[in-house]
Amino acid sequence: MAPKVRRVGGVVRPPGDKSISHRVVMLAALARGTSELSGLLTGDDVKSTARVLRQLGAKISPIREGMAVQVSRAPLTAPRAPLHSGNSGTTARLMLGVLAGQKFAATLTGDASLRRRPMRRVTEPLKQMGADIKERGDGLPLTIRGGKLRGLTYSSPVASAQVKSAILFAGLTGQVPVTITEPYRSRDHTERLFAHMGLGIHDRNGAIVFEPTVGPSGLPAVNLSVPGDISSAAFMVAAAVCAEAGELLVENVGVNPTRTGVLVVLERMGAHVERVNLRDEGGEPVADLLVRPAALKGTEVTAAEIPTLVDEVPVLAVLASRAAGETVFREVGELRVKESNRLELIASNLRAVGLRAEVQGNDLHVEGSDKAPRGKVETAQDHRLAMAFAVLGTVPGGDVKLSEKKSVAISYPGFFEDLKRIRADVPT
Ligand code: S3P
C-alpha cells in the first residue's frame, strides 16, 4: 500500500530526463573525443541505450546515481549479437536512425512489450531514405542494413518525437539533409541538442530542417548536465496536489514548452504550480516547482495538447478522478501502443478501485469523485501506470494495491522512497 500523504513538505529532485538522456548518450557515442554527462537517468531504459551502443563499440562508463558518465567513440562496428532494447521504445526507434547511416547489418529486438509496439512509423521513412530493412510485421525483431542514404522531406502522420528523431539521426549519420513536418509539435529535445552542438538545424515555416554541417567524424564532444524529468516530477506534483496541507518544492525540473502540458492542464484544473529559479541548462529551460494542495475541477484536454503531456495522461487521469466534474482527454488513441495498452488500463483500473472512467472511441472520459479509491490495479509492468496508481493510493482513506512495483525502475528507480520522503506528517 502506498504511504498516505496528508501533509506534504520538503524538497524532492526527480531523476534525469529520460528523453534527453537517450539522445545525449547516442550523440556522445557518435562524437569525437570524450563527452562528460551528468544528471543522466539511471533507469533501465537509458541502460538499454548504453548497452546497445556498447555492443556497437562505444565506450560508456557505468551509469550510476550521482556519478558523471564518460562516453567515447570507437568507430561503430557490426554487432555480434542482436541489439536488445529491453522495454525501451526510444532506444529501438532512435537507434534505427543511428543505424541507418552505418554500413553494416544489425538486428534489433526487445522485451515482449516492446516487440508488440509499432516500428513501421520509423522504418517507412528510413526505407525512403535508402536503408535496407527486413521486417516480419509491424514490430521487432527486425534487421537493418544502413549505408548510403538520400535526403528526405517527410510529413509525419503522427506527432511522434521518436519518428522525428529517428529521421534526424539518420540525416546525421548518413550525412544527408532532411525536412520534417508533424501534425502537432512533439518534444524538441533532439533539435535543441543538435543546435547546442552546432549541427545544422533550423525551423523553416514550422518545418524542422537539418542540413549537415560537420561530418560524423567532426561531431564535437558534448558536456551536459541533464535536467530532471518533468514526466517523473509529475508524480510528486500530483501527490502534493492531492494532499490536504503543506507545500512541496520539486527541484531541477526541465520545463521545455513541448513538455509542460501537464502544468498547463493542472493550472486549468485549479492547481497552482509556481515555477521558480528559471534557468537554462544546455539549451533546455529548467525551473524548480513549488506545489501546494488544491481542490481540482474537471477539464477538457484537447488533441493539440496531447503531445505536450502524452506520458502524463495516466497521472492526470488519476487527478481527474479526484476532481469535481468530468474530464475528457481527446484523441489519446496513441496510448494504446505505449508500454501497455494504457488507454484501456487507465479506465479499467480506475473502475477497479471504485471510480468511473470509460473509453469512447479515442477519447478517455473520467468522472471525478471524492470516494476513497479501494481495490487492486493491474500495472501490466508499465512504469507509468504503477506510479500513477501509487499516487492514487496516497489519498487519505484510499487502499490501492498494485499488481507489481518493480517496473518503476524503468524511469524512476527512487520513486517509492521519494513518495515516502514528501510526507511531512510522519518522521522519515
Ligand atoms: C519519447 C517520445 C514519446 C514518449 C516517450 C518518449 C521520446 O513517444 O511517449 O516516452 O523520448 O522521444 P512518441 O514520440 O512515440 O509519442
Side-chain angles (χ1 to χ4, degrees), residues 14-27 40-41 43-46 48-49 85-98 110 113-114 116-125 138-140 154 156-169 180 182-194 208 226-227 229-235 254 256 258-262 284 303-316 329 331-343 346 362 382-385 387-388 407-408 410-412:
D17 187 280
K18 182 155 82 68
S19 295
I20 299 174
S21 296
H22 285 295
R23 288 157 170 78
V24 76
V25 174
M26 289 178 195
L27 283 168
L40 274 187
L41 172 64
D44 292 346
D45 269 13
V46 174
S48 290
T49 286
S85 303
N87 189 247
S88 175
T90 313
T91 305
R93 295 189 178 126
L94 270 56
M95 280 308 300
L96 281 170
V98 171
S113 146
L114 183 56
R116 281 193 294 271
R117 298 179 66 186
M119 291 293 146
R120 253 195 208 131
R121 51 180 62 195
V122 173
T123 57
E124 205 42 59
D138 184 8
L140 299 181
Y154 191 67
S156 178
V158 276
S160 163
Q162 297 184 348
V163 172
K164 174 175 63 178
S165 302
I167 298 170
L168 288 171
F169 272 108
I180 308 149
E182 39 184 0
Y184 300 110
R185 197 59 170 261
S186 63
R187 64 191 66 189
D188 64 0
H189 303 301
T190 306
E191 295 93 302
R192 283 174 188 257
L193 275 172
F194 274 36
I208 299 134
V226 176
D229 198 325
I230 190 166
S231 297
S232 300
F235 298 108
N256 177 323
T258 61
R259 298 284 301 282
T260 47
V262 60
E284 291 277 352
E305 287 178 317
I306 298 302
T308 68
L309 51 73
V310 64
D311 293 334
E312 289 67 75
V313 176
V315 75
L316 279 172
F329 297 86
E331 294 303 325
V332 280
E334 264 297 292
L335 297 196
R336 294 196 174 94
V337 290
K338 293 292 178 189
E339 286 84 327
S340 67
N341 182 343
R342 274 186 195 160
L343 183 53
I346 292 169
N362 286 327
D382 180 335
H383 55 133
R384 299 205 197 277
L385 289 180
M387 292 188 276
S407 58
V408 306
I410 292 289
S411 61
Y412 198 161

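Each ligand, and each atom within it, is numbered from 1 in the order the structure gives. Position 1 is the first residue of the sequence, and the numbers go up from there.
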**OP:** Could you tell me which residues satisfy salt bridge (charged side-chain N to carboxylate O under 4.0 Å, His left out) with Arg23, sequence neighbours excluded, listed by chain and number?
**Re:** none
Original post:
How does His22 reach ligand 1, by side chain, by backbone, by both or by neither, if only non-hydrogen atoms under 4.0 Å count?
Top reply: neither
**OP:** Using the test salt bridge (charged side-chain N to carboxylate O under 4.0 Å, His left out), find all partners of Asp382 that sit at least two apart in sequence or belong to another chain.
**Re:** Arg342
**OP:** Report the distance from atom OG1 of Thr258 to atom CZ of Arg192, rounding to the nearest 0.5 Å.
**Re:** 6.5 Å
Original post:
Are a donor atom and an acceptor atom from the side chains of Ser19 and His189 found within less than 3.5 Å of each other?
Top reply: no
Original post:
Which of the numbered atoms in ligand 1 are below 4.0 angstrom from a heavy atom of Val310?
Top reply: 9 (O)
Subject >> Option of least heavy-atom distance to atom 1 (C) of ligand 1 (set: Glu312, Glu339, Gln162) >> reply: Gln162
Subject >> Nearest non-hydrogen protein atom, atom 15 (O) of ligand 1 >> reply: Ser160 OG, 3.2 Å
Original post:
Would one find an N or O of Glu334, backbone or side chain, under 3.5 Å from an N or O of ligand 1?
Top reply: no
Subject >> Geometric N/O contact Ala161 with ligand 1, under 3.5 angstrom >> reply: yes
Original post:
Out of Arg384, Arg93, Arg23, whose heavy atom is nearest to atom 12 (O) of ligand 1?
Top reply: Arg23
Original post:
Which heavy atom of the protein is the closest neighbour of atom 11 (O) of ligand 1, given with residue, atom name and distance?
Top reply: Ser19 OG, 2.7 Å
Subject >> ligand 1 contact by Lys164, heavy-atom criterion under 4.0 angstrom >> reply: no
**OP:** Could you go through the side-chain contact (heavy atoms from CB on, under 4.5 Å) check for Phe169 and Thr190 one step at a time?
**Re:** CA-CA 9 Å; Phe169 272 108; Thr190 306; 4.3 Å; yes
Original post:
Any luck finding a side-chain donor-acceptor pair between Ser186 and Lys164 under 3.5 Å?
Top reply: yes
Original post:
Distance only, no hydrogens: is a donor on one side chain within 3.5 Å (strictly under) of an acceptor on the other, for Thr49 and Thr91?
Top reply: yes
Original post:
Can you tell me how far CG of Asp188 sits from CG of Asn256, rounded to the nearest 0.5 angstrom?
Top reply: 4.5 Å
Subject >> Proximal atoms of ligand 1 relative to Asp311 (non-hydrogen, under 4.0 Å) >> reply: 4 (C), 5 (C), 9 (O), 10 (O)
Original post:
Any idea which protein heavy atom is nearest atom 8 (O) of ligand 1, and the distance to it?
Top reply: Lys338 NZ, 3.1 Å
